[in-house]
Amino acid sequence: MEAHMNSISTTPPLAADLISFIEGLPKAELHLHIEGTLEPELLFALAQRNNVSLPYASVEELRAAYAFTDLQSFLDLYYAGAAVLQTEQDFYDMTMAYIVRSRADNVRHAEIFFDPQTHTERGIAIDVVFAGIARALREARERHGFSSAIIMSFLRHLSEEDAFATLEAALPLRAEYRDLWIGIGLDSAERGNPPEKFARVFARCRELGFHLVAHAGEEGPPQYVKDALDVLHVERIDHGVRSEEDPALMKRLAEQRIPLTVCPLSNLKLCVVDDMRKHNLARLLHAGLAVTVNSDDPAYFGGYMNANFMAVAASLRLSRTELVMLARNAFEATFLPAAAKQQLLLELDGYCMAH
Ligand code: HPA
Ligand code: ZN
């Protein structure tokens with residue numbers, strides 16, 4: 001922790017005009033776990049509402065526990081925190097809080113992960129999870145034109161059989177959530193849980209016509225990125241920063257413009273990098289990869305979209321042109337229909353012209 005604080009404090013501050021440029025930049029968020037948006041204040045409020053006892057005396061004490069050494073040390077707290085989510089209203093409140101926060105960062109479209117197994121394992125019905133998240137997203141779409149989609153993610157530390165059971169439980173809801181549920185993802189502990197473990201269930205999801213993504217190359221080796229592409233047939237790689245260790249893979253990612261949903265503050269907090277100035281985001285971008293910036297689990301990692309953009313802009317000294325490339329890559333990498341995508345890209349062009 002000390003090292004992180006020091007490295008941040010030695011990074012030169014961003015110029016005021018670059019800060020306001022980032023704040024106003026229209027953004028798409030493609031790597032966001034809704035359970036990772038549960039801020040300590042809301043977590044405490046829900047614990048109280050649902051009579052769940054927490055092993056922390058205060059919001060400050062909980063926040064102080066967010067000092068992670070690796071992915072697993074985070075996942076332990078993240079799954080424990082999700083236990084306060086019990087009712088449809090809880091999922092609604094969490095999702096609405098994320099919408100309010102991300103609209104303030106000028107996020108124009110979000111493709112949001114949720115982990116039903118985290119909840120069904122605790123006896124929460126899968127319908128409750130879908131209903132609460134969807135109610136908030138639909139309300140935001142109607143009231144504010146906030147565009148979104150949801151990606152149901154399987155927990156890779158659990159079995160493929162468990163993933164199949166989750167898919168079977170969710171499929172009857174597909175028609176009801178057709179306006180939102182567009183894809184399937186794969187998250188949780190990467191090391192030791194390679195993509196092949198989920199080859200059959202991803203093949204089934206592919207037949208069903210879902211968009212496919214998977215976390216790969218966060219803590220796991222570049223081989224997992226290749227296997228996510230070749231065995232699971234994913235369209236985007238979540239994280240993917242370790243791809244840099246394999247030059248042939250880098251070439252392929254650049255040539256095929258396979259989007260990487262990179263999460264800078266997450267990488268720093270989970271010690272994937274030990275100093276933001278050493279983050280490879282700029283190198284990946286300059287190598288021609290379709291890099292995007294995302295917040296992953298913002299309540300745990302210290303910032304939403306703008307904070308992630310600011311962190312890389314300051315530490316990697318990114319130019320406006322590079323920041324716009326990152327924003328553009330994200331709009332291009334969305335699973336939106338062509339017309340909606342084009343409209344957002346035009347909005348981005350308009351912003352750049354005016355600034
Ligand atoms: N990696 C893997 N699983 C996760 C993450 C992550 O960054 N965030 C939430 N679940
Ligand atoms: Zn993630």
Side-chain angles (χ1 to χ4, degrees), residues 28-39 43 66 68-83 85 94-95 98 102 110-121 129 133 149-158 162-163 166 183-195 197-198 211-221 224-225 227-228 232 234-243 259-273 279 281 291-305 307-308 311 330 333:
E29 169 135 80
L30 305 179
H31 185 155
L32 181 280
H33 302 265
I34 200 63
E35 294 89 350
T37 68
L38 194 52
E39 290 286 347
L43 198 154
Y66 293 173
F68 311 116
T69 50
D70 59 8
L71 175 58
Q72 191 59 54
S73 65
F74 153 70
L75 291 171
D76 293 343
L77 279 192
Y78 165 81
Y79 296 130
L85 296 161
M94 172 176 66
T95 307
Y98 165 70
S102 63
E111 296 181 2
I112 299 171
F113 298 129
F114 66 114
D115 295 334
Q117 287 155 299
T118 300
H119 314 298
T120 52
E121 259 192 337
V129 180
I133 296 170
I150 54 175
I151 298 176
M152 184 174 89
S153 300
F154 299 128
L155 298 181
R156 70 201 304 160
H157 67 275
L158 301 178
D162 208 313
T166 303
I184 295 291
L186 185 64
D187 59 15
S188 192
E190 188 182 3
R191 283 199 194 113
N193 294 298
K197 182 175 166 187
F198 297 91
H211 287 292
L212 305 178
V213 298
H215 283 53
E218 178 187 19
E219 285 191 344
Y224 284 18
V225 175
D227 292 342
L232 303 185
V234 301
E235 297 158 80
R236 299 195 299 240
I237 296 289
D238 295 313
H239 292 295
V241 289
R242 285 195 59 195
S243 303
L260 299 191
T261 62
V262 176
C263 307
L265 288 173
S266 165
N267 293 156
L268 186 63
K269 272 289 207 176
L270 301 188
C271 307
V272 171
V273 286
H279 199 289
L281 174 135
V291 178
T292 68
V293 172
N294 307 271
S295 72
D296 205 4
D297 301 284
Y300 292 87
F301 300 151
Y304 289 75
M305 283 291 269
N308 276 274

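Given the structure is predicted, the values throughout are model-derived calculations rather than measurements. Note that the numbering runs from 1 along the sequence shown for the chain. Just so you know, ligand 1 is whichever comes first in the structure, and atom 1 is the first atom listed for that ligand.
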Checklist outcome for this item: If we number the atoms of ligand 1 from 1 as shown, the ones under 4.0 Å from a heavy atom of Leu71 are 1 (N), 2 (C), 6 (C)

Checklist entry - Hey, which atoms in ligand 1 end up nearer than 4.0 Å to a heavy atom of His239? => result 6 (C), 7 (O)

Checking the side chain of [X] only, and the main-chain atoms of [Y] only, is there a donor and an acceptor separated by less than 3.5 Å?
X      : Y      : answer
Glu35  : Asp115 : yes
Asp238 : Thr261 : no
Glu190 : Glu219 : yes

Next on the checklist: Closer than 4.0 angstrom, basic N to acidic O: yes or no for Glu111 and Arg236?
Outcome noted: yes

Looking at side-chain heavy atoms only, is the closest gap between [X] and [Y] below 4.5 Å?
X      : Y      : answer
Ile34  : Met94  : yes
Met152 : Phe114 : yes
Tyr79  : Leu155 : yes

[X] touching ligand 1 at heavy-atom level, < 4.0 angstrom:
X      : answer
Phe113 : no
Glu35  : no
Leu270 : no
Gly36  : no

Checklist entry - Between Leu75 and ligand 1, which part of the residue brings a heavy atom under 4.0 Å of the ligand: side chain, backbone, both or neither? => result side chain

Item to check | Mode of Glu190 contact toward ligand 1 - side chain, backbone, both, neither (heavy atoms, under 4.0 Å) | outcome: neither

Backbone or side chain, does any N or O of [X] fall under 3.5 Å from an N or O of ligand 1?
X      : answer
His33  : yes
Asp115 : no
Asp297 : yes

Checklist outcome for this item: Per residue Asp296, nearest N, O or S atom to the Zn ion (ligand 2) is named OD1

Return yes when at least one N/O/S atom of [X] is nearer than 2.8 Å to the Zn ion (ligand 2), and no when none is.
X      : result
His31  : yes
Asp187 : no
His215 : yes

Item to check | Parallel, tilted or perpendicular: rings of Phe74 and Tyr300 (30°, 60°) | outcome: perpendicular

Item to check | Aromatic contact, His239 with Tyr224 (centres under 6.0 Å) | outcome: no

Checklist entry - Out of Phe113, Phe154, Phe198, which one pairs with His215 under the ring pair (Phe, Tyr, Trp, His ring centres under 6.0 Å) rule? => result Phe113

